[in-house]
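First comes the structure, then the notes that go with it.
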Amino acid sequence: MNFSIPEYILAIDPYKPGKPLAELEREYGVRSSIKLASNENPLGPSPKAIQAIQTCLQSLHRYPEGSGYALVAKLARKLALAPENIVLGNGSDEIIGMLTRALLKPQDEAILPQPSFLMYAIMVRSVGAAPVFVPLDDRLSIDLDAMASRVTPATRMIFLCNPNNPTGTIFSAETFEKFLGRLPLEVIVVVDEAYIEFVTDPQCARGTDYLNADRAVVTLRTFSKAYGLAGLRIGYGIMPTALSGILHRIRQPFNASSPAQAGAVAALNDEAFLHKTIRLVHEGLGYLSESLDRLGIAHFPTQSNFFLIDVQRDADDVFKQMLAEGVIVRSMTAYGYPHYIRINVGLREENERFVKALAKVLEKCEN
Ligand SMILES: *Cc1c(COP(=O)(O)O)cnc(C)c1O
């Protein structure tokens with residue numbers, strides 16, 4: 001076929017998602033396998049969200065409310081800000097895409113931490129702009145100083161991830177404020193807080209505290225992790241109204257489906273489920289970290305529902321051997337860590353099964 005694709009599109013490495021359970025079971029003929037690869041909620045969706053979605057199915061012949069009225073109003077009340085500060089997305093992934101489309105021209109620069117969430121670079125490249133990667137510091141935290149020093153006249157945006165995926169590290173409000181002070185006012189700062197619900201460190205910066213700063217700080221949140229609704233695809237951005245008005249110009253009019261809106265409202269109302277999730281994650285992190293210590297396997301402290309494990313072996317090999325044990329983990333090779341895997345906390349029995357399988361696999365794989 002004869003068509004021409006822009007070079008910058010050909011430069012994109014496709015996103016490699018965590019392996020779905022159904023795929024593993026098809027390929028390996030195994031059953032009752034477990035997935036700890038995509039930082040999902042092991043408890044499933046909130047029962048209240050399921051009920052709300054079921055009710056909403058009766059009206060699937062109608063278009064959703066394009067303004068997301070009830071969900072936006074609920075979020076605005078909860079966060080004590082104006083509805084005009086919120087833009088809903090088909091997952092927060094879509095907000096990342098809207099921001100790069102609205103703000104970047106070809107050749108503009110966006111500064112990204114590395115490694116971090118892979119979608120930032122994909123979306124920056126998809127509009128022909130240039131990602132400028134800044135390595136994490138030696139504690140695997142985002143190096144805000146180094147990022148600020150990479151600003152040039154071509155810099156339009158900076159992406160931050162707090163806690164950072166895949167390292168689980170955070171930056172403090174104090175560090176963040178110093179960082180903001182070093183940036184030209186026209187640079188837009190995006191803080192992705194997909195895991196903010198799991199954070200226990202009171203020093204952790206929160207992007208929403210800077211909504212009224214004299215510069216644009218955009219905060220991204222999602223229902224995919226702590227709220228257990230990854231399959232529903234709903235997330236949102238919190239931003240100054242000058243910017244939300246721009247995103248509303250370019251977004252699809254019905255980008256948040258009616259089940260997504262209804263499910264998210266119900267999930268916000270189900271605080272007991274959220275707290276149960278957070279408790280389970282914190283207990284699981286304690287168990288996993290003790291178990292890995294006992295086995296002498298290095299891992300990193302985390303403020304999220306996942307952590308990095310240094311398997312000191314080829315991570316892709318460990319990933320494959322774990323599949324044979326019916327456990328899906330995430331190899332960090334695509335993130336530039338060829339000897340690390342990332343796992344999220346599962347149910348108690350899933351965590352136990354993971355630890356047993358890992359001990360067995362590490363015994364088998366040479367380092
Ligand atoms: C999982 C994740 C998201 C969530 O994306 P959705 O599109 O809302 O599912 C966003 N950012 C980071 C860092 C993530 O890990």
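As the structure lists them, so they are numbered: ligands from 1, and atoms in each ligand from 1.
On a distance-only criterion, T222 and ligand 1 share at least one N/O pair closer than 3.5 Å. Annotation: Y120 places no N or O atom under 3.5 Å from an N or O atom of ligand 1; distance criterion only. Backbone and side-chain nitrogen or oxygen atoms of S92 are examined, and one is located within less than 3.5 angstrom of a nitrogen or oxygen of ligand 1.
Atoms CD1 and CG, from I309 and L288 in turn, are 7.0 Å apart once rounded to the nearest 0.5 Å.
No donor-acceptor distance shorter than 3.5 angstrom exists from the side chain of E363 to the backbone of K360, with no hydrogens or angles considered.
The aromatic ring centres of F300 and F307 sit 6.0 Å or more apart. Outside the 6.0 Å centre-distance limit, the rings of F179 and F171 are not counted as a close aromatic pair. When ring centroids are compared, F273 and Y227 stay outside the 6.0 Å threshold.
Closest approach of Y340 to A315, counting heavy atoms only: O-CB, 3.2 Å.
With hydrogens left out, the protein atom closest to atom 12 (C) of ligand 1 is D192 OD2, 3.4 Å, a heavy atom. Nearest protein heavy-atom neighbour of atom 15 (O) of ligand 1: Y195 OH, 2.6 Å. With respect to atom 7 (O) of ligand 1, the closest heavy atom belonging to the protein is R233 NH2, 2.7 Å. Nearest protein neighbour of atom 14 (C) of ligand 1, counting heavy atoms only, is K225 NZ, 3.1 Å.
Atoms of ligand 1 lying under 4.0 Å from at least one heavy atom of C161, given by number and element, are 13 (C). Residue contact check: A194 has heavy atoms under 4.0 Å from atoms 2 (C), 3 (C), 10 (C), 11 (N), 12 (C), 14 (C) of ligand 1. Annotation for ligand 1: atoms under 4.0 Å from non-hydrogen atoms of S224 are 6 (P), 8 (O), 9 (O).
Within a 6.0 Å sphere centred on CD of E174, other residues, nucleotides and ligands contribute 12 heavy atoms or fewer.
Note on ligand 1: A230 sits outside its first shell, no heavy atom being nearer than 4.0 Å. Proximity of G235 to ligand 1 is not established, as no heavy-atom distance is less than 4.0 Å.
When heavy-atom distances to ligand 1 are checked against a 4.0 Å cut-off, N165 comes that close only through its side chain, counted from C-beta outward. Residue-level proximity to ligand 1 for M119 is absent, since no heavy atom of it falls below 4.0 angstrom.
Under the 4.5 Å side-chain criterion, counting only non-hydrogen atoms from C-beta, D192 is not in contact with L160. Between S304 and N165 there is no side-chain heavy-atom pair separated by less than 4.5 Å.
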